[in-house]
Chemist: 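Can you read through this structure? Questions will come right after.
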Amino acid sequence: MRLLYFAWIRQRIGRHEETVERPPEVTDVDSLIAWLRNRGPGYAEALKDASAVRVAVNQEYVPLKHPVRDGDEVALFPPVTGG
Amino acid sequence: MRLLYFAWIRQRIGRHEETVERPPEVTDVDSLIAWLRNRGPGYAEALKDASAVRVAVNQEYVPLKHPVRDGDEVALFPPVTGG
Amino acid sequence: MIRVQREDFDCGREMAALTRGNTRIGGLATFVGLVREVPMTLEHYPGMTERKLAEIEDEARRRWRLEASLIIHRYGRLEPGEQIVLVATAAEHRAAALESCAFLIDWLKTKAPFWKLEETASGPRWVEARASDDEAAARW
Amino acid sequence: MIRVQREDFDCGREMAALTRGNTRIGGLATFVGLVREVPMTLEHYPGMTERKLAEIEDEARRRWRLEASLIIHRYGRLEPGEQIVLVATAAEHRAAALESCAFLIDWLKTKAPFWKLEETASGPRWVEARASDDEAAARW
């Protein structure tokens, strides 16, 4: 899976993107976020409040229950503020 | 009184403006229109349907019952279509 | 600011001039009316036109907190594709700019003394006022 | 048409290009978003941004009969007074142009993946999403 982070989630995690092997327990966005929180204090801080996190899988907004699969591009970011 | 005509009212009357002595029976817009209708066939044709005529006295829209006085600038025209 | 003129105008330049140096402005809304299909001549009532446009602009500035506003309306003969009118409003946030811009063009349509004579294929024809314009103006 | 770019844009030129040669167009509505007060950096999600803007534009063209439309959104560091975004819609009559322009900027605000980092006096601060933007997007 290719993971992308934006805005303060990127800053707290300390990187913009990474490619990870999907562990078997990661089957949806929810379990991905839970798994990421254990990767280090930056991740834990960035993702502590899942309600503040928006998620896109393959560049489409998805809810927390959306499945994630090998090869997916999963992006985590705060609510958008463009325009 | 200074009388101004615009658009098809101007065309039918055949002039853009004229200055007239206010006859005593002309006291409001209504009686002005009635008096003008008798000034010739162009006037009669232009003003036959008072509901199609809009009136401004001294550059303010007014209803047919609005008084007219010596020295007023009275404009007669169809509904506006700018923009 | 209002202007009634025969000459064309440059939207980009007008918009830049309207916002320049005012960093309280977060949103600029504009509307440009263009001549469709056939040439036309715009007649107006000099003096009353300026007065009515200024009144309409004042009304917008009473209803919305605007940082800047501009109405330019042309008169005379115009070819298809030519610009007729520019309405521009600038405000801190977009809602005030967008709403006041729509308000200005709606009110202008029914209150500013302009008349359009179109050169149709079957001869000159005075454009008739539309009930939908009255409705648009009345909703504000 | 959509464009995502670092460079500034010329509103007048974009508006002229959008309407040129199409005499079915009677109204052109535009909205320009500008940087207020403090410098900011706009981060975005390349790929998804273009995709979302194109979807939003498609949705506008499904809802209104438009003759032309354009969204330009910048990213990178911008100074106060600089242009961030241009939305432009052209239609036969003004209502479709004005409504679709407001729709596009309302939807873009809540759906296009951009994030603003402001350089405030007390340090950099990520702009927070506003409930009023969700409400504005939801009314369409």
Side-chain angles (χ1 to χ4, degrees), chain C residues 8-40 67-68 79-95 97-106 108-109 130 132-133 135-136 139, chain D residues 8-40 67-68 79-95 97-106 108-109 130 132-133 135-136 139:
Chain C
D8 196 13
F9 48 83
D10 177 331
C11 286
R13 195 159 58 188
E14 299 298 343
M15 290 160 73
L18 208 61
T19 56
R20 186 170 299 130
N22 183 346
T23 58
R24 288 184 304 278
I25 295 173
L28 168 66
T30 71
F31 178 80
V32 183
L34 300 146
V35 180
R36 292 178 55 225
E37 308 295 358
V38 295
M40 64 164 64
E67 292 291 337
E79 294 285 345
E82 278 201 80
Q83 305 184 125
I84 304 169
V85 60
L86 170 67
V87 168
T89 49
E92 268 186 59
H93 299 292
R94 74 185 183 288
L98 290 164
E99 288 172 20
S100 59
C101 179
F103 164 84
L104 282 176
I105 188 68
D106 280 348
L108 185 159
K109 281 253 172 199
R130 300 190 310 167
S132 61
D133 285 335
E135 288 155 22
R139 74 197 163 104
Chain D
D8 197 12
F9 47 83
D10 177 332
C11 286
R13 195 158 61 189
E14 299 298 342
M15 290 160 73
L18 207 62
T19 56
R20 187 172 296 132
N22 183 346
T23 58
R24 290 185 304 280
I25 294 173
L28 167 66
T30 70
F31 177 81
V32 183
L34 300 146
V35 180
R36 292 175 56 225
E37 309 294 0
V38 295
M40 63 165 63
E67 293 290 337
E79 295 285 344
E82 279 202 80
Q83 303 184 126
I84 302 168
V85 61
L86 171 68
V87 168
T89 50
E92 269 185 59
H93 299 291
R94 73 185 184 289
L98 290 164
E99 288 172 19
S100 60
C101 179
F103 165 84
L104 282 176
I105 187 69
D106 280 349
L108 186 159
K109 281 252 173 200
R130 300 191 310 167
S132 61
D133 285 334
E135 288 155 22
R139 74 196 164 106

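Letters A, B, ... mirror the listed sequences (proteins, then strands); counts begin at 1.
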Chemist: So which residue, G33(C), G21(C), A29(C), ends up with the most heavy-atom pairs under 4.5 Å with chain D?
Modeler: A29(C)
Chemist: Would you give the length of the straight line joining atom CG of L34(C) to atom CZ of R24(D), rounded to the nearest 0.5 angstrom?
Modeler: 13.0 Å
Chemist: Sort out for me which residue in T19(D), L28(D), I25(D) forms a side chain to side chain contact (heavy atoms under 4.5 Å, CB included) with V32(C).
Modeler: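 Testing each of T19(D), L28(D), I25(D) against V32(C), the sole residue satisfying side chain to side chain contact (heavy atoms under 4.5 Å, CB included) is L28(D).
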Chemist: Under a 4.5 Å cut-off applied to non-hydrogen side-chain atoms, are Q83(D) and M15(C) in contact?
Modeler: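 The answer is no, as the side chains (C-beta and beyond) never meet within the 4.5 Å cut-off.
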Chemist: With rounding to the nearest 0.5 angstrom, report the CZ to CG distance, F103(D) to L98(C).
Modeler: 13.5 Å
Chemist: Does R13(D) come within less than 4.0 Å of D10(C), counting only side-chain N to carboxylate O?
Modeler: no
Chemist: Quick one: what part of E14(C) sits under 4.5 Å from any heavy atom of chain D, side chain, backbone, both or neither?
Modeler: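 Answer is neither: E14(C) stays 4.5 Å or more from chain D.
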Chemist: For T23(C), does its backbone N or O pair with a side-chain atom of R36(D) as donor and acceptor, under 3.5 Å?
Modeler: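 No: the side chain of R36(D) does not pair with the backbone of T23(C).
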Chemist: Is chain D contacted by the side chain of D106(C), its backbone, both, or neither, given a heavy-atom distance below 4.5 Å?
Modeler: both
Chemist: If you count heavy-atom pairs under 4.5 Å between each of R20(D), H93(D), E99(D) and chain C, which one has the most?
Modeler: H93(D)
Chemist: Checking heavy atoms, do the side chain of E92(D), its backbone, both or neither come under 4.5 Å from chain C?
Modeler: both
Chemist: Less than 4.5 Å to any heavy atom of chain D: does that hold for the side chain of V85(C), its backbone, both, or neither?
Modeler: neither
Chemist: At a heavy-atom distance under 4.5 Å, which candidate from G26(C), A88(C), A16(C), G27(C) has the highest pair count against chain D?
Modeler: G26(C)
Chemist: Using non-hydrogen atoms and a 4.5 Å limit, figure out which bit of V35(D) sits close to chain C: side chain, backbone, both or neither.
Modeler: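 The answer is the backbone of V35(D).
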Chemist: How long is the span from the SG atom in C101(C) to the CZ atom in R94(D), to the nearest 0.5 Å?
Modeler: 11.0 Å
